Structures are given as C-alpha cells and as structure tokens.
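Just follow the structure's listing: the first ligand is 1, and inside any ligand the first atom is 1. Every value quoted in this text rests on a predicted model; they were computed, and no experiment measured them. All heavy atoms count here, side chains included; hydrogens, waters and symmetry mates do not.
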Amino acid sequence: MDLSVRDENLRELMDDADCDPQRLQATLRRFGIVNRMISGWDTVYRTRLRQILRSLPQPARVLDLGSGGGDVIDRLAHLSARDKLHVEWTGADPDPRAYEAAVARQIPGATFHCADADALLAGGEVFDVVISNHVLHHLSSSELMHFTAASRHLASTAVLHSDIARGRLAYGLFAIGITPLAPGTFLRTDGLRSIRRSYRPQELTHALGAPWSVSSPVPFRLLAEAPGRA
Ligand SMILES: C[S@@+](CC[C@H](N)C(=O)[O-])C[C@H]1O[C@@H](n2cnc3c(N)ncnc32)[C@H](O)[C@@H]1O
C-alpha cells in the first residue's frame, strides 16, 4: 500500500446515502469502542480541554461538529461530570442518519442538531469550544478551509479538531486490530480508507496555515488547534 500521498478520491462506504442502514447503525454504535481505543480524546481532555473548561464560566458550552453517533460527546460528558464541571454539550451533524443515532444515545446534558456549521452560524449559535473527531479527512480542500474557518467563528475560546495521522504503521495495526470489531459494520473498509485519506502533520499544518497549530498528542493522531474568533 502506497501511503506517501493522500488518496483524496477514496469514498467511504458510510458516506453513501444508499448504504445498508443496519450496517451503518452498527458502525455508528461501534465508533464508541473504536474511538476509546484510538482517538486519544481522554488525553486531549486531560491535557487541554479540562483546563479550558475550568477557566470558563459554568455552564461551558461545547460543540462537537460532525458528531456522528455522539460517542465522543458521551465520553467527554462522562469525564467532565467526573471532574464536577458543568458543561452543555451540543452535537451537530448534517447527516440525518447520524443525528438519529446520536439522539438515540440519550446522553444527559447533551443536545443534537441535524445541521452543519453554516446552519448553526445562520442561527446565531455561539459556543465556548468547538471540537471535531474524524471529520477533517472527509473533506475536500475547499471544504476543509470552510469547515475550519466556520468552526473558529462558532467558538469564542478554542477549537480542537482531532483526526488520524496517515502512516504505514497506523494502517497495519488498524488492519489487524479492527478484525474482532468489524463484523456487521463498515469499520474495516472505511477505517482503512480513512487512513489513506488522512493528513500527515506537516501536510495539515501547510493546508491550514496560521493561526492553526498541529500536534500529535498520542501516536497515530493529529490535533489541529486554534483560538476561537466568535
Ligand atoms: C467518520 S464520521 C465521524 C463521526 C464522529 N465524529 C465520530 O468520531 O464518531 C464523520 C462525520 O462527519 C460528518 N460530516 C461530514 N462533512 C461534514 C461537514 N461539512 N460538517 C459537519 N459534519 C460533517 C459526517 O456526516 C459524519 O457523521
């Protein structure tokens, strides 16, 4: 597998509006385990988000843009509640199938919208912090610039976008590690395609430019951070 160049033309199976609905729902549900294993949000919470939330008037407002089945909010809501932080969590995803899966999770203190960033901006919404997980690699170059700029306009304090860092080791380990979780889902095919579509840190740094900074808080991951400008 040649991973030297991003494969921007690969489409993920779950992005097909006509994909098998049962497999899609199983994929969205199982994102919870996969994200706990690979996405590093516990580390991002401990090293960044918790400090930001503690510095804000309560309740702090956090938006997960492209929230899928809501599992990242579910985990972060659990972590912040353990730290006795009062946070209003909002998830937004333009895909109605993802929105329905997120609502079905019934996460206390969380609200979901079937909407993209433009709709939220048009509605005058403002949050303290905007986050995303596994959205950046989905986007075309122009969509990436639009999504990241819009995320800054929606956030008054900080933006944190987390994604996969493309690499051979990540690809090989994911191909093996996902095997027990993959049956009945799109996780294997879409996960490997996601890695092939993902950025390397220097590529994302170059694509986003100032004031974004891109780091790798845990192995095989990227975190793009910028101040909010709402
Ligand atoms: C791989 S899923 C990740 C879902 C979730 N964040 C997670 O990590 O489990 C990518 C999600 O991004 C959403 N998405 C794609 N383009 C988007 C955009 N321009 N704005 C907001 N969400 C978008 C898709 O609908 C999809 O639910």
Side-chain angles (χ1 to χ4, degrees), residues 8 10-19 21 23-42 44-45 62-77 89-105 107 110 112-123 125 127 130-155 159-164 174 178 181-182 185-199 218 220-224:
E8 289 183 57
L10 274 178
R11 249 178 88 74
E12 293 177 36
L13 300 176
M14 64 178 286
D15 290 337
D16 180 351
D18 295 323
C19 72
R23 270 183 181 255
L24 177 68
Q25 291 306 319
T27 304
L28 290 166
R29 280 196 302 274
R30 222 162 285 170
F31 272 161
I33 304 172
V34 176
N35 280 327
R36 278 290 292 280
M37 283 165 53
I38 66 166
S39 294
W41 275 101
D42 282 37
V44 173
Y45 174 79
V62 181
L63 168 69
D64 181 2
L65 201 48
S67 47
D71 55 282
V72 171
I73 286 188
D74 203 0
R75 179 64 186 159
L76 292 175
W89 298 96
T90 302
D93 199 299
D95 185 334
R97 304 165 305 172
Y99 163 76
E100 279 160 26
V103 170
R105 234 176 236 275
I107 305 166
F112 290 92
H113 299 288
C114 190
D116 62 10
D118 289 343
L120 296 175
L121 283 169
E125 298 273 6
F127 302 86
V130 174
I131 65 168
S132 79
N133 189 60
H134 294 163
V135 181
L136 301 188
H137 72 263
H138 269 272
L139 309 172
S140 67
S141 305
S142 59
E143 287 169 341
L144 175 76
M145 299 321 286
H146 187 81
F147 179 84
T148 50
S151 65
R152 290 193 65 213
H153 283 292
L154 283 164
V159 182
L160 305 169
H161 293 305
S162 177
D163 209 341
I164 306 156
F174 184 84
I178 201 65
L181 295 170
T185 74
F186 299 128
L187 285 172
R188 186 183 169 81
T189 305
D190 280 1
L192 293 174
R193 289 185 183 183
S194 296
I195 296 173
R196 292 169 65 190
R197 279 195 64 106
S198 295
Y199 293 86
V218 296
F220 316 125
R221 300 293 301 180
L222 298 171
L223 185 71

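The option from Ala101, Gly69, Gly66, Gly68 that lies nearest to atom 22 (N) of ligand 1, judged by heavy atoms, is Gly66.
At a heavy-atom cutoff of 4.0 Å, ligand 1 is contacted by the side chain of Asn35 but not by its backbone. Neither the backbone nor the side chain of Leu28 comes within 4.0 Å of ligand 1, counting heavy atoms alone. Under 4.0 Å from ligand 1, the heavy atoms of Asp93 that appear belong solely to its side chain. When heavy-atom distances to ligand 1 are checked against a 4.0 Å cut-off, Ser67 comes that close only through its backbone atoms N, CA, C and O.
Residue Leu139 has at least one heavy-atom neighbour below 4.0 Å for each of these atoms of ligand 1: 16 (N), 19 (N). Atoms of ligand 1 found under 4.0 Å from any heavy atom of Asp71 (numbered from 1 in listed order, with element): 9 (O). The distance from ligand 1 to the heavy atoms of Asp95 drops below 4.0 Å at these ligand atoms: 25 (O).
Considering backbone and side-chain N/O of Glu12, none are found under 3.5 Å from N/O of ligand 1.
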### Task
Kindly indicate, with the supporting measurements, whether the criterion side-chain hydrogen bond (donor to acceptor under 3.5 Å, both in side chains) is fulfilled by Trp41 and Asn35.
CA-CA 8 Å; Trp41 275 101; Asn35 280 327; over 6 Å; no
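Contact analysis puts His138 in contact with ligand 1, with a non-hydrogen atom separation below 4.0 angstrom. Look at Ala117 and you'll find every heavy atom at least 4.0 Å from all atoms of ligand 1.
Looking at Asp64 and Trp89, their side chains never bring a donor and an acceptor atom within 3.5 Å of each other. Checked by atom type, the side-chain pair His137/Glu8 shows no donor-acceptor distance below 3.5 Å.
The residues Arg221 and Asp163 are annotated as not salt-bridged, no charged nitrogen and carboxylate oxygen being separated by less than 4.0 angstrom.
Side chain of Arg105 to main chain of Gly69: a donor-acceptor pair is present (N/O by atom type, distance under 3.5 Å, no hydrogens or angles). The backbone N or O of Ala101 lies less than 3.5 Å from no partner atom in the side chain of Arg97, so there is not a single donor-acceptor pair.
When all heavy atoms of Phe174 and Arg188 are compared, the closest pair comes out as CE2-O, 4.1 Å.
Taking the six-membered ring for Trp and the full ring otherwise, His161 and Phe147 have centroids separated by under 6.0 Å.
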